[in-house]
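In listed order, ligands and their atoms are each counted from 1. For clarity, every value in this text was computed on a predicted model and none was experimentally measured.
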Amino acid sequence: MGTHIIDGRIISADIKAGLEKEIRAIKEKHGITPGLAVVLVGNDPASEVYVKMKVRSCEQIGLYSRKILMDDKAGQKELLEKIDELNQDPKIHGILVQHPMPSHIDENKIFSRIDPAKDVDGFNPISAGQLMIGIEGLKPCTPYGVLKMLEATGIDPAGQHVVVLGRSNIVGKPVAMMLLQKAAGADATVTICHSRTRNLAEITSRADILIAAIGRPEFVGPEMVKKGAVVIDVGTNRVDDPSSEKGYKLVGDVDFEAVSPKCKAISPSPGGVGPMTIAMLLHNTVTACKRIHGLE
Ligand code: GUN
(Lines give C-alpha, C1' and ligand atoms only; values in the text may rest on other atoms or scores of the structure.)
Protein backbone atom coordinates (compact mmCIF):
# COMPACT_ATOMS: atom_id res chain seq x y z
CA MET A 1 0.00 0.00 0.00
CA GLY A 2 1.26 3.49 -0.85
CA THR A 3 1.89 6.32 1.57
CA HIS A 4 -1.08 8.56 2.28
CA ILE A 5 -0.17 12.25 1.90
CA ILE A 6 -2.03 14.31 4.50
CA ASP A 7 -2.93 17.45 2.59
CA GLY A 8 -3.39 20.40 4.93
CA ARG A 9 -4.59 22.57 2.07
CA ILE A 10 -7.64 20.37 1.46
CA ILE A 11 -8.47 19.83 5.15
CA SER A 12 -8.10 23.53 5.95
CA ALA A 13 -10.26 24.51 2.95
CA ASP A 14 -13.07 22.33 4.38
CA ILE A 15 -12.73 23.99 7.79
CA LYS A 16 -12.74 27.45 6.22
CA ALA A 17 -15.84 26.65 4.15
CA GLY A 18 -17.67 25.60 7.35
CA LEU A 19 -16.54 28.80 9.12
CA GLU A 20 -17.68 30.98 6.24
CA LYS A 21 -21.22 29.60 6.61
CA GLU A 22 -21.12 30.02 10.37
CA ILE A 23 -19.93 33.64 10.10
CA ARG A 24 -22.72 34.42 7.64
CA ALA A 25 -25.28 32.94 10.05
CA ILE A 26 -23.89 34.94 13.02
CA LYS A 27 -24.09 38.13 10.97
CA GLU A 28 -27.65 37.45 9.81
CA LYS A 29 -29.00 36.31 13.17
CA HIS A 30 -27.14 38.61 15.57
CA GLY A 31 -25.73 41.45 13.45
CA ILE A 32 -22.21 40.70 14.72
CA THR A 33 -19.09 40.21 12.60
CA PRO A 34 -16.30 38.27 14.35
CA GLY A 35 -13.11 40.37 14.24
CA LEU A 36 -9.41 39.61 14.49
CA ALA A 37 -6.54 42.04 15.18
CA VAL A 38 -3.09 40.97 14.02
CA VAL A 39 -0.18 42.95 15.43
CA LEU A 40 3.28 42.85 13.86
CA VAL A 41 6.20 44.60 15.51
CA GLY A 42 9.17 45.15 13.20
CA ASN A 43 9.73 43.87 9.70
CA ASP A 44 10.86 40.27 9.90
CA PRO A 45 10.26 39.12 6.28
CA ALA A 46 8.84 35.69 7.18
CA SER A 47 6.48 37.26 9.76
CA GLU A 48 5.32 39.81 7.18
CA VAL A 49 4.33 36.95 4.87
CA TYR A 50 2.49 35.08 7.64
CA VAL A 51 0.60 38.20 8.75
CA LYS A 52 -0.45 38.94 5.18
CA MET A 53 -1.70 35.36 4.79
CA LYS A 54 -3.69 35.57 8.04
CA VAL A 55 -5.39 38.83 7.05
CA ARG A 56 -6.15 37.55 3.54
CA SER A 57 -7.73 34.39 4.99
CA CYS A 58 -9.98 36.53 7.22
CA GLU A 59 -11.17 38.46 4.18
CA GLN A 60 -11.86 35.25 2.25
CA ILE A 61 -14.34 33.93 4.80
CA GLY A 62 -15.99 37.21 5.87
CA LEU A 63 -14.18 37.90 9.14
CA TYR A 64 -13.42 41.51 10.05
CA SER A 65 -9.65 41.94 10.34
CA ARG A 66 -7.33 44.72 11.37
CA LYS A 67 -3.61 44.67 10.67
CA ILE A 68 -1.54 46.76 13.07
CA LEU A 69 2.06 47.37 12.05
CA MET A 70 4.41 48.79 14.66
CA ASP A 71 7.93 50.02 14.15
CA ASP A 72 10.65 47.65 15.43
CA LYS A 73 11.70 50.42 17.81
CA ALA A 74 8.25 50.46 19.40
CA GLY A 75 8.71 49.90 23.11
CA GLN A 76 7.11 47.43 25.44
CA LYS A 77 4.89 50.17 26.93
CA GLU A 78 3.52 51.17 23.54
CA LEU A 79 2.72 47.58 22.67
CA LEU A 80 1.05 46.96 26.04
CA GLU A 81 -1.08 50.08 25.50
CA LYS A 82 -2.11 48.82 22.06
CA ILE A 83 -3.16 45.50 23.60
CA ASP A 84 -5.17 47.30 26.31
CA GLU A 85 -6.95 49.24 23.57
CA LEU A 86 -7.74 46.04 21.61
CA ASN A 87 -8.88 44.25 24.78
CA GLN A 88 -11.54 47.00 25.14
CA ASP A 89 -12.50 47.18 21.46
CA PRO A 90 -15.96 45.65 20.88
CA LYS A 91 -15.23 44.99 17.18
CA ILE A 92 -12.25 42.78 18.06
CA HIS A 93 -12.81 39.24 19.37
CA GLY A 94 -9.33 37.86 18.74
CA ILE A 95 -5.88 39.39 19.27
CA LEU A 96 -2.69 37.93 17.84
CA VAL A 97 0.77 39.43 18.29
CA GLN A 98 3.10 37.79 15.80
CA HIS A 99 6.04 35.88 17.24
CA PRO A 100 9.03 36.37 17.21
CA MET A 101 9.00 39.91 18.56
CA PRO A 102 12.11 42.15 18.63
CA SER A 103 14.53 41.17 21.41
CA HIS A 104 13.80 44.24 23.57
CA ILE A 105 10.20 43.06 24.00
CA ASP A 106 9.38 40.55 26.72
CA GLU A 107 7.03 38.21 24.82
CA ASN A 108 5.63 36.59 27.93
CA LYS A 109 4.58 39.99 29.31
CA ILE A 110 2.84 40.75 26.01
CA PHE A 111 1.02 37.41 25.80
CA SER A 112 0.01 37.75 29.46
CA ARG A 113 -1.65 41.11 28.79
CA ILE A 114 -4.05 39.76 26.14
CA ASP A 115 -7.53 39.20 27.57
CA PRO A 116 -7.85 35.36 27.80
CA ALA A 117 -11.31 35.69 26.19
CA LYS A 118 -9.59 37.14 23.09
CA ASP A 119 -6.45 35.01 23.26
CA VAL A 120 -6.83 33.27 19.89
CA ASP A 121 -3.18 32.20 19.99
CA GLY A 122 -3.61 30.42 23.32
CA PHE A 123 -0.25 31.76 24.56
CA ASN A 124 -1.56 33.59 27.64
CA PRO A 125 -0.57 31.68 30.85
CA ILE A 126 -4.30 31.35 31.68
CA SER A 127 -4.98 29.66 28.32
CA ALA A 128 -1.89 27.46 28.78
CA GLY A 129 -3.15 26.47 32.26
CA GLN A 130 -6.61 25.68 30.91
CA LEU A 131 -5.03 23.47 28.27
CA MET A 132 -2.89 21.72 30.89
CA ILE A 133 -5.85 20.77 33.07
CA GLY A 134 -8.19 20.12 30.14
CA ILE A 135 -10.84 22.79 30.70
CA GLU A 136 -12.46 25.12 28.22
CA GLY A 137 -10.14 27.78 26.79
CA LEU A 138 -8.70 28.83 23.45
CA LYS A 139 -6.18 26.30 22.15
CA PRO A 140 -2.94 27.24 20.33
CA CYS A 141 -3.50 27.13 16.59
CA THR A 142 -0.66 24.92 15.35
CA PRO A 143 -1.16 22.10 17.90
CA TYR A 144 -4.92 22.34 17.39
CA GLY A 145 -4.33 22.06 13.64
CA VAL A 146 -2.22 18.92 14.13
CA LEU A 147 -5.04 17.24 16.09
CA LYS A 148 -7.63 18.27 13.48
CA MET A 149 -5.40 16.89 10.75
CA LEU A 150 -5.19 13.51 12.46
CA GLU A 151 -8.95 13.50 13.02
CA ALA A 152 -9.71 14.40 9.39
CA THR A 153 -7.40 11.59 8.22
CA GLY A 154 -9.15 9.03 10.47
CA ILE A 155 -6.09 8.53 12.69
CA ASP A 156 -7.09 8.03 16.32
CA PRO A 157 -4.15 8.70 18.69
CA ALA A 158 -5.84 6.77 21.56
CA GLY A 159 -3.35 4.33 23.09
CA GLN A 160 -0.76 5.09 20.42
CA HIS A 161 2.80 6.12 21.16
CA VAL A 162 3.21 9.71 20.01
CA VAL A 163 6.72 11.14 20.01
CA VAL A 164 6.93 14.92 19.88
CA LEU A 165 10.27 16.23 18.69
CA GLY A 166 10.58 19.78 20.05
CA ARG A 167 9.65 21.50 23.32
CA SER A 168 8.64 25.04 22.34
CA ASN A 169 5.79 26.80 24.12
CA ILE A 170 4.16 27.33 20.73
CA VAL A 171 4.14 23.76 19.44
CA GLY A 172 6.04 21.02 21.30
CA LYS A 173 4.69 21.45 24.83
CA PRO A 174 1.07 22.27 23.94
CA VAL A 175 0.71 19.53 21.30
CA ALA A 176 2.02 16.99 23.83
CA MET A 177 -0.48 18.25 26.43
CA MET A 178 -3.38 18.12 24.00
CA LEU A 179 -2.61 14.55 22.95
CA LEU A 180 -2.25 13.49 26.57
CA GLN A 181 -5.75 14.61 27.56
CA LYS A 182 -8.35 12.05 28.55
CA ALA A 183 -10.54 12.97 25.62
CA ALA A 184 -11.73 11.92 22.19
CA GLY A 185 -9.06 12.55 19.57
CA ALA A 186 -6.33 12.35 22.24
CA ASP A 187 -5.64 9.66 24.92
CA ALA A 188 -2.14 9.03 23.53
CA THR A 189 0.99 7.87 25.30
CA VAL A 190 3.29 10.85 24.78
CA THR A 191 7.07 11.17 24.80
CA ILE A 192 8.68 14.59 24.35
CA CYS A 193 12.21 14.73 22.89
CA HIS A 194 14.42 17.72 22.12
CA SER A 195 17.88 18.78 21.03
CA ARG A 196 19.47 17.48 24.27
CA THR A 197 17.77 14.08 24.20
CA ARG A 198 20.19 11.15 24.20
CA ASN A 199 19.65 8.32 21.68
CA LEU A 200 17.12 10.42 19.81
CA ALA A 201 16.72 8.11 16.80
CA GLU A 202 16.09 5.16 19.11
CA ILE A 203 13.18 6.98 20.72
CA THR A 204 11.70 8.54 17.58
CA SER A 205 11.79 5.20 15.79
CA ARG A 206 9.46 3.78 18.45
CA ALA A 207 6.77 6.31 17.55
CA ASP A 208 3.47 5.26 16.02
CA ILE A 209 2.92 8.97 15.39
CA LEU A 210 5.95 11.26 15.10
CA ILE A 211 5.44 15.03 15.33
CA ALA A 212 8.51 16.96 14.16
CA ALA A 213 8.71 20.50 15.55
CA ILE A 214 12.39 21.04 16.19
CA GLY A 215 13.00 23.84 13.66
CA ARG A 216 15.89 22.23 11.80
CA PRO A 217 15.67 21.73 8.04
CA GLU A 218 15.17 18.09 7.00
CA PHE A 219 16.45 16.89 10.37
CA VAL A 220 14.34 13.72 10.50
CA GLY A 221 15.75 11.02 8.24
CA PRO A 222 14.48 7.49 7.55
CA GLU A 223 16.65 5.96 10.30
CA MET A 224 14.55 7.92 12.82
CA VAL A 225 11.18 6.60 11.67
CA LYS A 226 9.45 3.27 12.20
CA LYS A 227 8.01 1.54 9.14
CA GLY A 228 4.28 2.23 8.98
CA ALA A 229 4.44 5.32 11.22
CA VAL A 230 2.41 8.49 10.79
CA VAL A 231 4.64 11.57 10.47
CA ILE A 232 3.44 15.14 10.97
CA ASP A 233 5.97 17.76 9.89
CA VAL A 234 5.43 21.05 11.70
CA GLY A 235 8.67 22.66 10.53
CA THR A 236 8.88 25.53 8.06
CA ASN A 237 12.51 26.44 7.42
CA ARG A 238 14.00 28.79 4.85
CA VAL A 239 17.07 27.33 3.15
CA ASP A 240 19.24 28.91 0.47
CA ASP A 241 18.26 27.97 -3.06
CA PRO A 242 20.12 29.91 -5.76
CA SER A 243 17.95 28.26 -8.45
CA SER A 244 14.79 29.90 -7.12
CA GLU A 245 13.82 33.49 -7.89
CA LYS A 246 13.62 34.38 -4.20
CA GLY A 247 16.99 32.81 -3.45
CA TYR A 248 15.49 30.45 -0.88
CA LYS A 249 13.00 27.62 -0.56
CA LEU A 250 10.90 26.33 2.31
CA VAL A 251 11.52 22.87 3.70
CA GLY A 252 10.15 21.05 6.71
CA ASP A 253 11.88 19.35 9.64
CA VAL A 254 11.53 16.02 7.81
CA ASP A 255 13.47 14.79 4.80
CA PHE A 256 10.24 14.12 2.90
CA GLU A 257 11.72 12.25 -0.08
CA ALA A 258 13.67 9.83 2.08
CA VAL A 259 11.11 9.38 4.88
CA SER A 260 7.77 9.22 3.04
CA PRO A 261 8.21 5.72 1.52
CA LYS A 262 8.42 4.28 5.07
CA CYS A 263 5.27 5.96 6.34
CA LYS A 264 1.64 4.95 6.48
CA ALA A 265 0.82 8.65 6.26
CA ILE A 266 2.84 11.87 6.20
CA SER A 267 2.05 15.57 6.07
CA PRO A 268 4.40 17.53 3.81
CA SER A 269 5.79 20.97 4.51
CA PRO A 270 4.86 23.29 2.90
CA GLY A 271 1.25 22.22 2.34
CA GLY A 272 0.63 20.45 5.63
CA VAL A 273 0.39 22.01 9.06
CA GLY A 274 0.90 25.63 7.81
CA PRO A 275 -2.57 26.07 6.29
CA MET A 276 -4.09 24.25 9.28
CA THR A 277 -2.61 26.84 11.67
CA ILE A 278 -4.41 29.62 9.82
CA ALA A 279 -7.68 27.68 9.69
CA MET A 280 -7.56 27.14 13.46
CA LEU A 281 -6.82 30.83 14.05
CA LEU A 282 -10.01 31.67 12.15
CA HIS A 283 -11.86 28.96 14.06
CA ASN A 284 -10.63 30.37 17.39
CA THR A 285 -11.74 33.88 16.40
CA VAL A 286 -15.26 32.65 15.67
CA THR A 287 -15.28 30.64 18.94
CA ALA A 288 -14.08 33.68 20.92
CA CYS A 289 -16.79 35.84 19.33
CA LYS A 290 -19.50 33.29 20.19
CA ARG A 291 -18.30 33.01 23.79
CA ILE A 292 -17.97 36.77 24.31
CA HIS A 293 -21.50 37.32 23.04
CA GLY A 294 -22.96 34.20 24.71
CA LEU A 295 -23.98 32.66 21.36
CA GLU A 296 -22.95 29.07 22.19
N1 GUN B 1 4.84 32.64 14.80
C2 GUN B 1 4.87 31.38 14.31
N3 GUN B 1 3.73 30.72 14.63
C4 GUN B 1 2.96 31.59 15.32
C5 GUN B 1 1.67 31.51 15.90
O6 GUN B 1 0.99 30.49 15.87
N7 GUN B 1 1.23 32.64 16.51
C8 GUN B 1 1.98 33.78 16.59
N9 GUN B 1 1.46 34.82 17.23
N10 GUN B 1 3.18 33.88 16.07
C11 GUN B 1 3.67 32.79 15.43
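- Outside the 6.0 Å centre-distance limit, the rings of Phe111 and His99 are not counted as a close aromatic pair.
- Of the charged side-chain nitrogens involved, at least one lies within less than 4.0 Å of a carboxylate oxygen, so that Lys77 and Glu81 count as a salt-bridged pair.
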Name each donor-acceptor pair under 3.5 Å that joins a side chain in residues 18-25 to protein atoms two or more places apart or in another chain, with its distance.
| residue | atom | partner | partner atom | Å |
| --- | --- | --- | --- | --- |
| Glu22 | OE2 | Lys290 | NZ | 2.4 |

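- Checked against side chain to side chain donor-acceptor pair (under 3.5 Å), Arg66 has the following partners two or more places apart in sequence or in another chain: Tyr64, Asp89.
- Looking only at distances, a side-chain donor or acceptor of Asp253 sits under 3.5 Å from a matching main-chain atom of Gly215.
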Considering only distance and modelled atom types, tabulate donor-acceptor pairs under 3.5 Å from the side chains of residues 225-232, sequence neighbours left out.
| residue | atom | partner | partner atom | Å |
| --- | --- | --- | --- | --- |
| Lys226 | NZ | Asp208 | OD1 | 2.7 |

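- A heavy-atom cutoff of 4.0 Å around ligand 1 is satisfied by the protein residues Leu96, Val97, Gln98, His99, Asp121, Phe123.
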